[in-house]
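Letters A, B, ... mirror the listed sequences (proteins, then strands); counts begin at 1. Atom set for the values below is all heavy atoms of this structure, side chains included, hydrogens, waters and symmetry mates excluded.
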Amino acid sequence: MGQATRNIANSFTTSGVITSSGVDNTSLNNITDLSLGGSLILLSTSTASSDATISITSGIDSTYDEYLFVFNNLHPATNDAVFQFQGSTNGGSSYGVNITSTAFRTFHNDAGSSNGLNYEGANDLAQSTNFQYLMEGIGSDAKEAGSGTLRLYNPSSTTFVKHFVSDTHFRQKSDATQRNLNAGYFNTTSAINAIQFKMSNGNTDSGTIQLFGVK
Amino acid sequence: MGARIRSLANNFSSTGKLLAGGMNNASLSGITALPSGASPGKMRLLSTQTASSSSSISFTSGIDSTYDIYKFEFINMHPATDGANFQFQCSTDGGSNYNTTVTSTYFQAFHFENDSATGLEYAAAKDLAQSTSFQNLFTGQGNDNDHTGTGELFLFDPSSTTFVKHFLSNNNSSDASDITINQIPAGYFNTTSAVNAVQFKFSSGNIDAGTIKLYGISTS
């Protein structure tokens, strides 16, 4: 038995079952469809560390119909900051796509003296290239942060507008719980291929943004 | 060494590791279930249907007691008729009839592209009270070339024969009058029979284009 044949034989047990030394990650390179797998595919994780912006410039393409961003404990350097986002049609060279959107919120302060449900006219956009608010007025106390999700649908379409739906929650600067629901569309038929997040003033001190593709 | 053995040998590296050429999707086609210790994830894509001038899209398989929660995703649903309402109903007889009693709520936020009006409102005309009509998911959908509606619908424990069947939905649409509308229906199918099929359609005209995906979500 030649050396190559011996090496192959050594990759199998005496009963013919392939051993762990017989396969590695490269062995799976041709597996493109694991139908038994989960539907949320983690594409990237961005961890903030006193960052002025967080840009995701890869992974947003035609591979998935839906992309899910998950915000986990985004903590601003500056009190009363607004966490916001915009899209790019040129791979991140510029962020300024026309958006029309809605914004409403529920809130309740720690003291129990104030609560409400209202449309937030200052947080929506009408055919504007400004950044879209996701969480406004996040506190910068050590324990204060914001979390939530943003769904972006079919960003690579060159036929339709690009819808987004966001549901976030944060602790306000004035010691209140606030839930924001924002939705709308990038009013463009160009493909969106990058997204940038930032605080309106000051850095994002800490927190993570994960990007998932939804199969 | 015969040709088959030679081919086999070529799929291994000189150190005996299986190369990518030795395995492809077909190699795994015989695996239809993973052992309990190898969880594939709690959310699984069960089926995808793509509309092409379809009068309705029905899911008549895959909705059973396998999963606790079923989730539908609507991707760029485009109507043939301007201003049509995208709706759904459920069946307790495998899709022979879609007419289960619904009680629901419906609220929405809207904003005109020309910034002339905004609002957050309960939309009483879009809810149902013990009705067997189709439940609206997003309404007034424009049919301009770039107009679509998109969103998600969760259906909880449809196979229960004890409880009503709750649903939650959150959608965004580009209205026929150039308005973005975030439309949020919820409610329940007021039946203790198992729901085992779901149908989607526009209130008038066909579904020109769009994709609906069905996922199963396990909570255990």
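The greatest number of non-hydrogen atom pairs below 4.5 Å with chain B, out of A/Asp65, A/Val23, A/Val165, A/Asp167, is found for A/Asp65. The residue among B/Leu18, B/Asn172, B/Ile179, B/Asn182 with the most heavy atom pairs within less than 4.5 Å of chain A is B/Asn172. Between chain B and the residues A/Leu181, A/Asp24, A/Asn182, the largest count of heavy-atom pairs under 4.5 Å involves A/Asp24.
The minimum heavy-atom distance between A/Gln84 and A/Met199, with the atom names listed, is NE2-C, 3.8 Å. Taking both residues in full, the closest heavy atoms of B/Asn196 and B/Gly94 are given as OD1-N, 2.8 Å, listed atom of the first, atom of the second, then distance. Heavy-atom minimum distance, A/Met135 versus A/Gly146: SD-CA, 3.6 Å.
Looking at B/Ile75, the atoms closer than 4.5 Å to chain A (heavy atoms on both sides) all sit in the side chain, from C-beta outward. Heavy atoms closer than 4.5 Å to chain A are found in the side chain of B/Glu73, but not in its backbone. For B/Ser173, the part sitting under 4.5 Å from any heavy atom of chain A is the backbone (N, CA, C, O) and nothing else. Only the backbone of B/Ser14 has a heavy atom closer than 4.5 Å to any heavy atom of chain A.
Residues of residues 141-151 of chain B placed with any heavy atom under 4.5 Å of a heavy atom in chain A are listed by number as B/Asn145, B/Asp146, B/His147, B/Thr148, B/Gly149, B/Thr150, B/Gly151. Using a 4.5 Å cut-off between non-hydrogen atoms, the part of residues 184-193 of chain A that approaches chain B consists of A/Gly184, A/Tyr185, A/Asn187, A/Thr189. Proximity to chain A among residues 112-119 of chain B is limited to B/Phe112, B/Glu113, B/Asp115, B/Thr118, B/Gly119, judged by heavy-atom separations below 4.5 angstrom. Using non-hydrogen atoms only and a strict 4.5 Å limit, the part of residues 85-100 of chain A facing chain B consists of A/Thr100.
The main-chain N or O of B/Leu128 is found under 3.5 Å from a side-chain atom of B/Ser104 such that the two form a donor-acceptor pair. A donor-acceptor pair is defined here as one N or O able to donate and one able to accept, closer than 3.5 Å; no such pair exists between the side chain of B/Thr180 and the backbone of B/Ser174. Between the side chain of A/Tyr67 and the main chain of A/Asn154, no donor-acceptor pair closer than 3.5 Å is present.
For the residue pair A/Asn180 / A/Gln178, a side-chain donor-acceptor distance below 3.5 Å is found, with atom types taken as modelled. Remark: the A/Ser21 side chain and the A/Thr19 side chain contain an N/O donor-acceptor pair separated by less than 3.5 Å. Side-chain polar atoms of A/Glu136 and A/Asn123 form a donor-acceptor pair below 3.5 angstrom. A donor-acceptor contact under 3.5 angstrom links the side chains of A/Asp124 and A/Tyr119, judged on distance only.
The existence of a salt bridge linking B/Glu152 and A/Arg151 is confirmed by a sub-4.0 Å separation between a basic side-chain nitrogen and an acidic carboxylate oxygen.
Checked against the 6.0 Å centroid threshold, B/Tyr122 and B/Phe107 do not count as a close aromatic pair.
Rounding to the nearest 0.5 Å places OG of B/Ser204 at 9.5 Å from CG of B/Asp82.
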